[in-house]
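Throughout, protein chains are lettered first and strands after them, A, B, ... in sequence-line order, and every chain is numbered starting at 1.
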Amino acid sequence: MSKVVNRAGSPYLERNKSFGRWYRKNYIGWLFILLAVAGISLFYFYPMGRALLLSFQSGMGSNLEYVGLNNYIRLFSDPTFIAALTNTFIYLLIQVPIMILLALFFSVLLNDATLKFKGFFRTAIFLPCVTSLVAYAVIFKYLFGVDGLINQFLMDLSLISQPLNWLSDPVLAKITIIAAITWRWTGYNMIFYLSALQNIDRSMYEAARIDGATSFQQFFYITVPMLKPIILFTSIISTIGTLQIFDEIMNITNGGPGNATLSISMYIYNLSFEYSPDFGYAATVSYVIVILVVILSLIQFKVAGDDK
Amino acid sequence: MRKLKRIGVYTFLSIAALVSIFPFLWMLVSMTNKSVDVTQGRLLPGGHLFENVRVLFESVSMVTALVNSTIIAVITTFLTLLIGSLAGYGFEIYRTPGRDRIFNILLLSMMIPFAAIMVPLYRMFGGVSASIPFLGIDTLAAAILPTVITAFFIFFFRQNTKMFAKELVEAGRIDGLSELGIFFRIYLPTMKTAYAAAAIIAFMNSWNNYLWPLVVLQSPENQTIPLLISNLGAGYSPDYGVIMTAIVIATLPTALVFFIMQRHFVAGMMGSVKG
């Protein structure tokens, strides 16, 4: 990151030159950032504080009273919460690596200067990003229905003899969700890698080739290390996104069968707006996501090393 | 061997492209077919398009949803760009005391999951419902306000301002422009590309937003497109042809923007990442 060089010299010199100019250059900056600071404080930090207070309260609707740590203790014996947490982790641990590897793979293939129809392939793979989450979720729900096209296709290929219950089998429903998210987001990640790849000096590959490195070795010893910062960036974004997953679950499986696909966000929604509302406990569950986001981001930073 | 590898690459990429495009083709084809044909897996265009469009606009409040989504997305995009670019410019151009600390604190808000603040936000807007009715639960203003200011766009504009020639600010001052005048007359016109990219992202986010509108907009006359599609999709006897028509209409604006302004789109994304 390049820091802006202050062309006018040190602040002390400026102060001596002209107070008005110094004031203008420094304090008028407040006016520019005021709305943003106020808005983020009001719509992010203040609600976070309120949620923390709420997480120590319990009761129906707005009849809340402080119950100390009861909500936090309740988490450990709440099977629905444990199911939601487990499901969310399954999505995270299976979907994010698959997607990142696929995206890396596509971007390396597309970075080949001699490849034809590059623009077409790139646009096609990126295209899922233009759909709204709700729209594609509904489409996937129909594609994976019992009489949906996926079953018809698999039966035509004689891979299965009977239609599979994609949406009402606990394991298949999770696979459906993972397939859906991968479809939607792989191209998005690919774009980041493609732009980063263009900054890698081609002579490095040439040197490696002269030294007899195979494509696989080039990929793991040049491409991956060079892309490390951007891989870190995308994996943090994907982790935060997956921890919050809601739209797809709500519209493909509605959390079912049973609670087999329920995510933490959807459980918070259900606690607040579907079941008899328990805002306090919902806030407690929501703090679990916050803590997870912070911990997982820190771990990813640590694993990737200190290079920015 | 090389040739074999080539064929492998093309086959693989073709399959990937087909998988990516297929749902789009399917929804385009299905919007021209009867519901029965869609369930029977018909993959050829039919002659039912006008009937589907008619049913969609007659039986469902499609027009209302389109109007609501457009109002919300346009206002959100405008405010997001204005406030985000003012802040990004402010952080980069002025050496406001403590600016980097404030900036980093604002960036922390990107880690806050929406689900975590959804309940307090709902209660906040519920609290003002009685005293300020036009801002309370079930108003478009409530759907817009919390989504307008995001740290992402402040970050985005600060990154882009790094590429803005700072000499222009000095030149503007010498010409006697006010600080805001410099921003609107010099900065804004030179940063068109950044604004275009940000506008695309902001519009898409708003047009496709689901969870907050689902929470805060309750009456049918305030429904947005994603809410409408979600309701149609959850129905017990869905009319697939009609739903596909609704989905195509919902996807059309973002798809068009993407195809027309693809260059801006990719440029904007790169600009937001390069440090």
Side chains of [X] and [Y] in contact at under 4.5 Å (non-hydrogen atoms):
{"X": "A:Val293", "Y": "B:Pro113", "value": "yes"}
{"X": "B:Phe259", "Y": "A:Val130", "value": "no"}
{"X": "B:Leu214", "Y": "A:Met250", "value": "yes"}
{"X": "A:Tyr46", "Y": "B:Ile117", "value": "no"}
{"X": "B:Phe22", "Y": "A:Leu143", "value": "yes"}
{"X": "A:Leu31", "Y": "B:Leu180", "value": "no"}

Side chain from CB out, backbone as N, CA, C, O: work out which of these in [X] comes under 4.5 Å of a heavy atom of chain A, or both, or neither.
{"X": "B:Phe157", "answer": "neither"}
{"X": "B:Ala250", "answer": "neither"}
{"X": "B:Ser30", "answer": "neither"}
{"X": "B:Ala246", "answer": "neither"}
{"X": "B:Leu43", "answer": "side chain"}
{"X": "B:Met111", "answer": "both"}
{"X": "B:Ile229", "answer": "both"}
{"X": "B:Phe91", "answer": "both"}
{"X": "B:Val248", "answer": "neither"}
{"X": "B:Leu18", "answer": "neither"}
{"X": "B:Leu145", "answer": "both"}
{"X": "B:Thr147", "answer": "neither"}
{"X": "B:Trp207", "answer": "neither"}

Shortest non-hydrogen contact from [X] toward [Y]:
{"X": "A:Ile125", "Y": "B:Ala16", "result": "CD1-CB, 4.1 Å"}
{"X": "B:Pro23", "Y": "A:Ile139", "result": "CB-CG2, 4.1 Å"}
{"X": "A:Leu110", "Y": "B:Leu13", "result": "CD2-CD1, 4.0 Å"}
{"X": "B:Leu121", "Y": "A:Pro47", "result": "CD2-CG, 3.9 Å"}
{"X": "A:Gly39", "Y": "B:Ile149", "result": "CA-CD1, 3.4 Å"}
{"X": "B:Ala87", "Y": "A:Ile33", "result": "O-CG2, 3.6 Å"}

Chain B contacts, top residue of [options] (heavy-atom pairs, under 4.5 Å):
{"options": "A:Thr131, A:Leu35, A:Asn251, A:Ile289", "result": "A:Asn251"}
{"options": "A:Leu34, A:Thr114, A:Asp112, A:Leu102", "result": "A:Thr114"}
{"options": "A:Leu42, A:Leu115, A:Ile268", "result": "A:Leu115"}
{"options": "A:Ile264, A:Asp247, A:Asp147, A:Thr186", "result": "A:Asp247"}

Atom [atom1] of [X] and atom [atom2] of [Y]: how far apart are they, to the nearest 0.5 Å?
{"X": "B:Met118", "Y": "A:Phe279", "atom1": "CE", "atom2": "CZ", "result": "9.5 Å"}
{"X": "B:Leu106", "Y": "A:Ser41", "atom1": "CG", "atom2": "OG", "result": "7.0 Å"}
{"X": "B:Ser109", "Y": "A:Phe43", "atom1": "OG", "atom2": "CZ", "result": "13.0 Å"}
{"X": "B:Ile112", "Y": "A:Ile240", "atom1": "CD1", "atom2": "CD1", "result": "11.0 Å"}
{"X": "A:Ile236", "Y": "B:Met110", "atom1": "CD1", "atom2": "CE", "result": "10.5 Å"}
{"X": "A:Asn254", "Y": "B:Ser230", "atom1": "CG", "atom2": "OG", "result": "8.5 Å"}

Establish, yes or no, whether a centroid distance under 6.0 Å links the rings of B:Phe114 and A:Phe246. no
What do the steps show when you test A:Tyr44 against B:Thr150 for side chain to side chain contact (heavy atoms under 4.5 Å, CB included), and what is the final call? CA-CA 9 Å; A:Tyr44 285 89; B:Thr150 54; 3.4 Å; yes
Max heavy-atom pair count under 4.5 Å with chain A, selected residue of [options]:
{"options": "B:Pro253, B:Gly233, B:Pro238, B:Gly84", "answer": "B:Gly233"}
{"options": "B:Val9, B:Ile154, B:Ile102, B:Val215", "answer": "B:Val215"}
{"options": "B:Ala116, B:Ala234, B:Gly90", "answer": "B:Ala116"}

Return the orientation label for the A:Phe273 and B:Tyr122 ring planes: parallel under 30°, perpendicular over 60°, tilted otherwise.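 Aromatic pair A:Phe273/B:Tyr122 classed perpendicular.
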Describe, in one word, how the ring planes of A:Tyr142 and B:Tyr240 are oriented to each other, choosing from parallel (under 30°), tilted (30 to 60°) and perpendicular (over 60°).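 A:Tyr142 vs B:Tyr240 ring planes: perpendicular.
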Can you tell me which portion of [X] sits under 4.5 Å from chain B's heavy atoms? Options are side chain, backbone, both or neither.
{"X": "A:Ala283", "answer": "neither"}
{"X": "A:Leu149", "answer": "side chain"}
{"X": "A:Val37", "answer": "both"}
{"X": "A:Val294", "answer": "both"}
{"X": "A:Phe120", "answer": "side chain"}

Looking at B:Phe12, I want to see if its CZ is surrounded by more than 12 non-hydrogen atoms of other residues, nucleotides or ligands under 6.0 Å.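 Correct, the count exceeds 12.
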So, does A:Ser286 use its side chain to make a donor-acceptor pair with the main chain of B:Ala115 at under 3.5 Å?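 No, A:Ser286 side chain to B:Ala115 backbone: no donor-acceptor pair under 3.5 Å.
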Sidechain-backbone polar pair: B:Tyr10 side chain, A:Lys116 backbone, donor-acceptor under 3.5 Å: yes
Side chain to side chain donor-acceptor pair (under 3.5 Å) between B:Arg123 and A:Ser272: does it pass, once the steps are laid out? CA-CA 11 Å; B:Arg123 285 162 56 87; A:Ser272 314; over 6 Å; no
Starting from the C-alpha separation in whole Å, work towards a yes-or-no answer on side chain to side chain contact (heavy atoms under 4.5 Å, CB included) for A:Val138 and B:Met27. CA-CA 11 Å; A:Val138 171; B:Met27 73 192 198; over 6 Å; no
Evaluate the criterion side chain to side chain contact (heavy atoms under 4.5 Å, CB included) for residue pair A:Leu127 and B:Phe258; output intermediate values, then yes/no. CA-CA 9 Å; A:Leu127 204 56; B:Phe258 170 68; 3.9 Å; yes
